[in-house]
Every structure is written in structure tokens, then in C-alpha cells.
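Keep in mind it's a predicted model, so treat the numbers as computed, not measured.
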Amino acid sequence: MTEPLSPEDLAAYHENGFLLVKNLISRQEAEAMREECHALAARLDSDTDPTWASARTVAGASVGRTTLKHAHDTQFHSAAFARLLVDPRFTDIAAALLGGPNVQLHHTKMFIKPPETGSPFPLHQDHPFFPHARHSVAAAVFHFDDAPVEKGCIRAVPGSHRGGPLPHVEEGSWHLPPDTWPLQDARPCPAEAGDVLFFSYLTVHGSGLNTSDEARTTWLVQFRDPADRPTLDEHTWSLGQGMILRGIDPTARRSEHTAEGTDEAR
């Protein structure tokens, strides 16, 4: 069986903290998933805007109100997302990056950056939102349409994961101080429909304002080694957390805080 990533790709991931995998799914599949995302947004018909308060600093004072559309736990809304979650094209790469056979879901989230006003994200690590003991948590961002720089593509800071967790500003959602971590200094990661960007939850990243006349549609999957446990009781509301996407859960779903023999006889 061929390896899903070359030694050079693996080395680049561990060196930089991120890796863009081209054409993980076809453009036709990406287009179908884009339709799923926009149909889901229409069904939800929600006025909830997940734009961070700190995004205004990134967008600039001259820019008016920016917006986002999103949905958590997308696999509970459409089977198309559930199928893609366990697609070996994705899970084999995730396992290779984790360095083991097992891949466990943390959560999923859909993002749509509307044309011209799609909100940016200041630079940050994902670690403060759901810290884990072994820092195995990583993300996969599926691109369901093209994401050039003008659409507000993801930007990342190469090698930033090697410094471990960084102190964040909590106000306006966890982010790094923009004066010392300016978004424009991070490396743009433009992508095409069907590409998937993988990065560690310790990798400093963000994304720019969508100034184009088309939406940017992405799907985020956060995954981990099932042997790695959260250190804080955070993000427990995610409906799909703990689902095994590849392999097994060697912990048998017992955390270090769970006493043995607590199951009652039925």
C-alpha cells in the first residue's frame, strides 16, 4: 500500500506546522459540497454571526461591518459531511500526520465568507479553545471553492508551532496581539477547490478579509489522537466529539478522570 504522503511532505509539515494537500477531492466533489454548505446555511436561516470582535482590528477602521455564516456539527445536518469525515483520502493523511493509526474527531464547522464583507480572523492558535495534554490536535480545512488571497485565504506562520502554547488576548475571542503578530506578516496559503490545508492547533494562523465578488466556502475538521486527552472541560458541547474516524480508541473511551468499575449492573 502506498503511503498517503511523501517523506518530504511529512518533513515539511513537521517543520512548518502546516501542509496544503492539493486535489484531495476532485473539483466536482468540491462543487457538490459547496452546494451542501450553502443549502445548509439557507436551511438554518440564522442571523447569528460568529465574527470575532477582534476582527475589526484586522479589517481596518475604514471597513464597515463584516460578516460570516457558519454551522457546527455539520455531519448532523447532512450525510454528505458524514461520508467525507471517514473518507480514507482524508483519514489516511490525518493518521500519517498524527504518527499513528488512530484518528478521533474533535468537531466540525462550516464557514462561508460572503463576498466583499467576509470577516477576517486575527492571528491565533487553536490551542486556547481546547487545550490537550499531548498537543496532538490538528485541523483540516477543506476548500469547496477557490480561495485566493483576495478571498481571505488562510495565512500561517511557518514554524510557530514549535514554540508551544503562546499567551493570548482573551477579549474579542482568543487571539494574539495584532501589534506584535500582524496578519499581513503571515504566509498566505491560497488554495483551489478540492485542496485541504492541514495544520497543528499550535500553528499560528488567521485569515484575511474577503474583498472579492464571490463567497469563500470552507469546512473545518478538528481531529486528534484518541489517546490525547483535553486538559480543561471545554468544548464539550460538540455533538460528534469522540467519534473514531480511523482505527480504534485504545482508551475504550475512559478518561483519566473516570474511575474504573463505575458502570452499574443492568
Side-chain angles (χ1 to χ4, degrees), residues 12-20 48-61 63 66 68 70 72 94 97-99 104-109 111 113 118-141 149 152-189 197-209 218 220-238 241 255-257:
Y13 177 80
H14 292 300
E15 174 70 19
N16 295 320
F18 59 92
L19 177 70
L20 181 68
T48 302
D49 187 345
T51 299
W52 293 359
S54 54
R56 179 54 57 89
T57 302
V58 177
V63 178
T66 63
L68 283 174
H70 78 148
H72 289 272
L97 296 178
L98 292 177
Q104 186 176 49
L105 178 66
H106 190 269
H107 70 276
T108 67
K109 191 187 299 184
F111 285 104
K113 282 194 181 190
S119 298
F121 283 89
L123 290 180
H124 63 283
Q125 296 173 316
D126 289 340
H127 166 269
F129 295 96
F130 32 84
H132 280 60
R134 302 182 186 176
H135 302 315
S136 73
V137 184
V141 178
V149 172
C153 70
I154 293 173
R155 291 173 174 261
V157 179
S160 53
H161 64 302
R162 297 198 299 271
L166 297 169
H168 281 57
V169 178
E170 184 175 0
E171 184 178 359
S173 197
W174 294 104
H175 65 284
L176 294 167
D179 54 342
T180 54
W181 291 90
L183 180 66
Q184 62 268 25
D185 287 355
R187 180 186 296 178
C189 301
L197 180 67
F198 291 85
F199 56 88
S200 163
Y201 87 153
L202 291 174
T203 300
V204 173
H205 64 286
S207 63
L209 180 71
T218 56
L220 169 72
V221 180
Q222 294 273 4
F223 60 92
R224 66 189 176 199
D225 181 334
D228 194 2
R229 309 309 305 162
T231 58
L232 294 176
D233 191 25
E234 300 282 355
H235 221 281
T236 55
W237 46 262
S238 178
Q241 188 173 161
S255 75
E256 59 185 15
H257 303 296

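Gln125 places a side-chain N or O within donor-acceptor distance of the main-chain N or O of Gly164, the cut-off being under 3.5 Å. When atom types are taken as modelled, the side chain of Arg134 and the backbone of Asp228 share no donor-acceptor pair closer than 3.5 angstrom. Remark: the backbone N or O of Gly17 is paired with a side-chain donor or acceptor of Thr203 at under 3.5 angstrom.
Asp225 and Ser136 form no side-chain donor-acceptor contact under 3.5 Å, judged by distance and modelled atom types alone.
Considering only residues two or more places apart in sequence or on other chains, Arg187 meets the salt bridge (charged side-chain N to carboxylate O under 4.0 Å, His left out) condition with none of them.
The distance between the ring centers of Tyr201 and His106 does not fall below 6.0 angstrom. Aromatic pair His135/His127: centroids less than 6.0 angstrom apart.
Side-chain contact between Leu176 and Pro122 is absent, with no heavy atoms from C-beta onward closer than 4.5 Å. Under the 4.5 Å side-chain criterion, counting only non-hydrogen atoms from C-beta, Phe121 is in contact with Leu68. Using a 4.5 Å heavy-atom threshold, the side chains of Lys113 and Ser207 count as touching. Annotation: side chain of Val141 is in contact with side chain of Phe199 (closest heavy-atom distance under 4.5 Å).
A distance of 5.5 Å separates CG of Leu197 from CG of Leu20, quoted to the nearest 0.5 Å. The CG atom of Leu166 sits 7.5 Å away from the OG atom of Ser160 when rounded to the nearest 0.5 Å. To the nearest 0.5 angstrom, His14 atom NE2 is 10.0 Å from Leu19 atom CG. Asn16 contributes atom CG, which lies 12.0 Å from atom OG of Ser200 (distance to the nearest 0.5 angstrom). With rounding to the nearest 0.5 Å, the separation of NE2 in His205 from CG in Asp126 is 4.0 Å. Atom CZ of Phe223 and atom CD of Gln241 lie 14.5 Å apart (nearest 0.5 Å).
Ring pair Phe130/His107 is perpendicular by interplanar angle, where above 60° counts as perpendicular and below 30° as parallel.
The minimum heavy-atom distance linking Ala138 with Gln222 is given by the pair O-OE1, 3.2 Å.
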